[in-house]
Number of protein chains: 2
Amino acid sequence: MLKKSVTIKEIAKEAQVSIATVSMILNNKDKNISESTRNKVLKIAKEKNYIPNTMARSLITKQTGIIGLVIPDITNPFFPEIARGVEDKASEERYSIIICNTDDNLQKEDQYIQILTEKMVDGIVITHSADRYQEDSIRILDGCRVPIVLIDRDYSIPNVIGKVLVDNFKASYEAVNYLLNKGYRKIAYITGSLNTKTARDRLEGYKEALLTRGISYDERYIKVGEYKIQWGIDATKKLVSEDVFFDAIFCGNDLIAIGSMKALKKFRLKVPQDIGIMGFDDIYMASVIEPALTTMKQPNYEMGYYAAELLIEGIKKESLSINEKNTKKIILDSKLIVRESS
Amino acid sequence: MLKKSVTIKEIAKEAQVSIATVSMILNNKDKNISESTRNKVLKIAKEKNYIPNTMARSLITKQTGIIGLVIPDITNPFFPEIARGVEDKASEERYSIIICNTDDNLQKEDQYIQILTEKMVDGIVITHSADRYQEDSIRILDGCRVPIVLIDRDYSIPNVIGKVLVDNFKASYEAVNYLLNKGYRKIAYITGSLNTKTARDRLEGYKEALLTRGISYDERYIKVGEYKIQWGIDATKKLVSEDVFFDAIFCGNDLIAIGSMKALKKFRLKVPQDIGIMGFDDIYMASVIEPALTTMKQPNYEMGYYAAELLIEGIKKESLSINEKNTKKIILDSKLIVRESS
DNA sequence: CTGAAAGCGCTAACAG
DNA sequence: CTGTTAGCGCTTTCAG
């Protein structure tokens, strides 16, 4: 556990050159340095197992090569993929990420932003609860001196140089369209709470898809509840018991879809044999549980990846003092995953 | 996006004291500083929204307040809880964590360790693939100058100041014992590959529990395959078709348990009504899918939490140059979760 | 082609 | 009680 590590100073002494020369060589800024000294220095550095001290460098360059990732909770299955996407892009560009779990708690978020600022991160990727007032968001990101990219959020705040969103309306529209193309006409929709924009967009996409085909939808086909397996079961039971004829069910998320499929198995005789089921594959990998399920896969990994890309681009531009201040917006599509019944 | 932030120098000038005074006050090392100057400095610091520059401090103190977390893949449902545990403890102690996904790739691991060392992390918490030779592990952690805590691994390597493990043997033993206490006597065991110590320990626990009760087990009761839902289904079918009488099944992980329960539903008439099913709740939260399932919940969160605790303890001791070099080992128990049928 | 020198922002003795 | 003085390890003009 030796703390002692070689410095460029020691290398310089050993190589009998100045520390400036060593620094330049080690940073590949050796335009005008002779091959001989160059090799000599490099050899010594390797021998002594030189490890640059990032702190010292950062003190001068004002860049740490670290970006902060602020999310509600990595334990929520929605986030690991995002985190992975961010990390992958970051490490491609030789950035590290510091991860912060806020539990959707404003105070914690503020505190983390503060810490990240002290730690001199070069930028921040942040997602926060969809149920949050705009003023709060502003307060949170206020006073933070680094570029920010939002994931799954669409506020306009100074410092926010980018946003990555998914088009839920379109995804929902296409999912329903897929069912329609398959010949289904009576498509029920089971969703969780409608108090997030995501949920409302999905519902609108469903309605729009039907309207486009001139199919009027019936309010009785729409069941609003919770994003839980149990609600998938209950809502499906309701549909059956209410004697509403349906030949397909579209589920607002994968938990609901899992529940719905469970329930349908019990009603094999009461519903069409080839009933169409579709769900959003948000979090629980419904497909692992119900391999026959067709889903709209949310591009979580991609969201993280593009967010990091946007951020790093912004960081670099800024360090070049380019002052092009339009915030970029990337809207990603969900992907229809059709599986064969097993 | 102002990069300019106030320094203690400016505060010192404004308060008409020396920078040393300001530094001491801001670090609560103001044993002998008058209340008046103290308040004056604090007031100015607040007014100017002073943010300490961690880089500059770290350069001197050789402490960054950052811990590296090296894991195979945050996307693997085994790790988010661990990561959360590490982060929670870390943030309690005002440490941040940098997360690295190695994909069980030695080269990547080496590279990350290198980067973390450059970034001057104060310590590292690492988990790596169970299928790995000891020599490799040594090579990886070699040359790394900071304290290390291993999660779910038990190698003895310099720098490793702690290990956090779960007692799989005991967990398995207790799970089977639970079934025995319930009156089950013919307990089958479906496991994945036996080439990890975890899997072997679990199998041994199963055998030991039976032996303790003087129950001889039959090799036909043990099905070795993969940790997948499909294997749970197939193995269960096998058991039924082979006409081996069993009144309970113990599953090596939750995917297998999910598969097994699926299969059993199809054989309702061929197996005892009150068949006992038990599984390890490692990764997929089997309980969400099959709420009636009794499981041994792996203490992932706790592993992370204790690992961070051990590491931080070690970091502090080291900074105090205490040279007590025994590596601590924490062995955690899984927790039996009995659920009511829904 | 290379070296000297001036810091980055902060801490930590050591004087007064 | 507070100020002076050295650096931490590195980058970066600017002279030679």
Side-chain angles (χ1 to χ4, degrees), chain A residues 2-42 44-45 48-65 117-120 122 145 319-321, chain B residues 2-42 44-45 48-65 117-120 122 145 319-321:
Chain A
L2 290 168
K3 280 286 177 192
K4 210 61 180 211
S5 75
V6 265
T7 67
I8 56 169
K9 203 168 166 184
E10 300 172 48
I11 294 178
K13 198 167 69 184
E14 180 130 348
Q16 305 194 55
V17 293
S18 80
I19 57 169
T21 309
V22 177
S23 172
M24 299 188 107
I25 292 171
L26 262 23
N27 289 297
N28 291 315
K29 293 187 177 171
D30 49 352
K31 305 268 175 201
N32 336 311
I33 287 171
S34 71
E35 268 303 297
S36 62
T37 48
R38 185 162 188 284
N39 289 140
K40 187 167 55 178
V41 167
L42 251 27
I44 294 172
K48 300 214 158 216
N49 186 29
Y50 170 73
I51 295 169
N53 180 326
T54 316
M55 296 303 125
R57 176 181 294 157
S58 300
L59 197 52
I60 299 170
T61 61
K62 266 100 182 69
Q63 299 247 352
T64 52
T117 309
E118 287 182 15
K119 291 248 159 65
M120 305 275 287
D122 294 341
R145 306 173 170 289
S319 75
L320 264 48
S321 345
Chain B
L2 292 166
K3 278 289 180 192
K4 209 64 179 212
S5 75
V6 267
T7 67
I8 55 170
K9 203 168 164 184
E10 300 173 48
I11 294 177
K13 199 167 68 184
E14 179 130 348
Q16 306 193 58
V17 293
S18 81
I19 57 168
T21 309
V22 176
S23 172
M24 298 186 108
I25 292 172
L26 262 23
N27 288 297
N28 291 316
K29 292 186 178 171
D30 48 351
K31 305 268 177 201
N32 336 311
I33 287 172
S34 71
E35 269 302 298
S36 63
T37 48
R38 184 160 188 283
N39 289 141
K40 187 166 57 177
V41 167
L42 250 27
I44 294 173
K48 300 214 158 214
N49 186 29
Y50 170 73
I51 295 169
N53 182 327
T54 316
M55 297 303 125
R57 175 183 294 158
S58 299
L59 196 52
I60 299 170
T61 61
K62 266 98 182 73
Q63 299 248 352
T64 52
T117 309
E118 286 183 15
K119 291 250 158 65
M120 305 276 285
D122 295 341
R145 303 171 173 290
S319 76
L320 265 47
S321 344

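Chain naming here is simple, since letters A, B, ... match the order of the sequence lines and numbering starts at 1 in each. These numbers come from a predicted model, not from an experiment.
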Q. For B:K9, what residues pass the salt bridge (Lys or Arg N to Asp or Glu O under 4.0 Å) criterion, not counting sequence neighbours?
A. none
Q. How far apart are the closest heavy atoms of A:T54 and B:E118, and which atoms are they?
A. OG1-O, 2.5 Å
Q.
Nearest whole Å is fine: how far is C:dC8 P from A:Q63 CD?
A. 18 Å
Q. Should A:K62 be listed as having a side-chain N or O under 4.0 Å from OP1 or OP2 of C:dG9?
A. yes
Q) Please give, in whole Å, the distance from D:dC1 P to B:I25 CD1? A) 13 Å
Q) End-to-end bend of the helix from C:dC1-D:dG16 to C:dG16-D:dC1 (five-pair axes, 10° rounding)? A) 40°
Q) Which is true for A:E35 with a 4.0 Å heavy-atom rule: it touches a base, it touches only sugar-phosphate, or it touches nothing? A) nothing
Q: Starting at CD1 of B:I11, measure out to CD of B:Q16 and round the result to the nearest 0.5 Å.
A: 14.5 Å
Q. For B:L59 and C:dC8, what is the distance between atoms CG and C1' respectively, to the nearest whole Å?
A. 9 Å
Q.
By the definition side-chain contact (heavy atoms from CB on, under 4.5 Å), identify the one residue from B:N27, B:I44, B:V17 that meets it with B:V22.
A. B:V17
Output one line per pair: protein atom, nucleotide atom from nucleotides 10-13 of chain D, and distance, for all N/O pairs under 3.5 Å.
residue: D:dC10; atom: OP1; partner: A:Y50; partner atom: OH; Å: 2.5
residue: D:dC10; atom: OP1; partner: A:N53; partner atom: N; Å: 3.3
residue: D:dC10; atom: OP2; partner: A:I8; partner atom: N; Å: 2.7
residue: D:dT11; atom: OP1; partner: A:N27; partner atom: OD1; Å: 3.4
residue: D:dT11; atom: OP1; partner: A:N27; partner atom: ND2; Å: 3.1
residue: D:dT11; atom: OP1; partner: A:R57; partner atom: NE; Å: 2.8
residue: D:dT11; atom: OP1; partner: A:R57; partner atom: NH2; Å: 3.2
residue: D:dT11; atom: OP2; partner: A:S23; partner atom: OG; Å: 2.7
residue: D:dT11; atom: OP2; partner: A:N27; partner atom: ND2; Å: 3.2
residue: D:dT12; atom: OP2; partner: A:K29; partner atom: NZ; Å: 2.9

Q.
What contact category does A:T37 fall into here, base, sugar-phosphate, or nothing, at under 4.0 angstrom with non-hydrogen atoms?
A. sugar-phosphate
Q | A:I11 CD1 to D:dG9 P, straight-line distance once rounded to whole Å | A | 13 Å
Q.
I'd like to check A:M55 versus B:T64 (side-chain heavy atoms, cut-off strictly below 4.5 Å). Are they in contact?
A. yes
Q) Any side-chain heavy atom of A:P52 within less than 4.5 Å of one from A:R57? A) yes
Q. Nearest heavy-atom pair of B:I25 and B:T37: which atoms, and what distance?
A. CD1-O, 4.1 Å
Q.
As an exercise, state the distance from NZ of B:K62 to CG of A:N53, rounded to the nearest 0.5 Å.
A. 6.0 Å
